[in-house]
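Here is the structure we will look at.
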Amino acid sequence: MTTALTLTPGRRPDGTALLTAVGEIDMSNTGELAAALAGTAGPLVLDLTGVEYLDSAGLSVLFTHAERIELVANALLEPVLVISGLADLTTVHAP
């Protein structure tokens, strides 16, 4: 069964690309996330404040793009990003 994930592209006021994710990120929908990240050139802010679950498959996708993304993460995801080491490779902001 596919887990619901909504990805909405946009731009921040400074012109930086923004991708807002809402729902759950797991192995059933990481292809969609990977395609959205790969389809956005240059620096990107990924807003994960609406993400309720992030598994290792989703983390793997984020690690692939760590050098060019900034993450906005809720308190639920912040420990996962720190323990996985992703927070050491990219900037993580609170909402």
Side-chain angles (χ1 to χ4, degrees):
M1 181 167 103
T2 302
T3 304
L5 175 66
T6 302
L7 298 169
T8 306
R11 294 258 170 216
R12 292 174 53 117
D14 66 1
T16 304
L18 172 67
L19 183 63
T20 303
V22 176
E24 296 184 2
I25 301 173
D26 63 23
M27 63 186 274
S28 72
N29 56 30
T30 55
E32 183 181 346
L33 176 61
L37 292 173
T40 305
L44 170 69
V45 174
L46 178 58
D47 185 343
L48 300 173
T49 57
V51 173
E52 303 157 358
Y53 178 78
L54 174 66
D55 74 1
S56 60
L59 281 171
S60 178
V61 171
L62 298 181
F63 269 100
T64 302
H65 297 276
E67 74 283 348
R68 67 180 195 94
I69 63 173
E70 287 185 32
L71 302 174
V72 180
N74 58 40
L76 178 68
L77 295 184
E78 192 172 351
V80 174
L81 301 174
V82 171
I83 291 169
S84 69
L86 187 59
D88 294 333
L89 301 176
T90 190
T91 303
V92 178
H93 302 281

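In this chain, numbering begins with 1 at the start of the sequence shown. Treat the numbers as computed from the prediction; the structure is a model and nothing was measured.
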Would you be so kind as to tabulate the donor-acceptor pairs closer than 3.5 Å made by side chains of residues 38-46, with sequence neighbours excluded?
from	atom 1	to	atom 2	distance (Å)
Thr40	OG1	Ala36	O	3.0

Under 3.5 Å donor-acceptor pairs involving side-chain atoms of residues 50-60, not counting sequence neighbours:
from	atom 1	to	atom 2	distance (Å)
Asp55	OD1	Ala57	N	3.0
Asp55	OD1	Gly58	N	3.0
Asp55	OD2	Met27	N	3.2

Cut-off 3.5 Å, no hydrogens considered: what does the side-chain donor-acceptor table look like for residues 77-88, sequence neighbours left out?
from	atom 1	to	atom 2	distance (Å)
Ser84	OG	Val80	O	3.0
Ser84	OG	Leu81	O	3.1
Ser84	OG	Leu86	N	3.3

**OP:** Start with the C-alpha distance between Leu5 and Val22, add both sets of side-chain angles, then the distance that settles side chain to side chain contact (heavy atoms under 4.5 Å, CB included), and finish with yes or no.
**Re:** CA-CA 6 Å; Leu5 175 66; Val22 176; 6.0 Å; no

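Take Glu24 and apply the side chain to side chain donor-acceptor pair (under 3.5 Å) test, not counting sequence neighbours, and it matches no residue. Residues passing the side chain to side chain donor-acceptor pair (under 3.5 Å) test with Thr30, sequence neighbours excluded: none. Under the rule for a side chain to side chain contact (heavy atoms under 4.5 Å, CB included), the partners of Leu76 that lie at least two apart in sequence or sit in another chain are Asn74. Listed by chain and number, the residues in a side chain to side chain contact (heavy atoms under 4.5 Å, CB included) with Pro13 amount to none (sequence neighbours excluded).
Contact check for Leu71 versus His93: no side-chain heavy atoms found under the 4.5 Å cut-off. Side-chain contact between Leu37 and Leu62 is present, with at least one heavy-atom pair separated by less than 4.5 Å.
Here the shortest heavy-atom pairing between Val92 and Ala73 reads CG1-CB, 4.1 Å.
Atoms CG and CD1, on Leu48 and Ile25 in that order, are 5.5 Å from each other to the nearest 0.5 Å. The NE2 atom of His65 sits 12.0 Å away from the OG1 atom of Thr90 when rounded to the nearest 0.5 Å. Expressed to the nearest 0.5 Å, how far CG of Leu18 lies from CD of Glu70 amounts to 11.0 Å.
Applying the side-chain hydrogen bond (donor to acceptor under 3.5 Å, both in side chains) definition to pairs two or more places apart or across chains, those involving residues 6-16 are Asp14-Thr16.
Linking Ile, Leu, Val, Met, Phe, Trp and Tyr residues whenever their side-chain heavy atoms come within less than 4.5 Å places Leu19 and Val61 in a single cluster.
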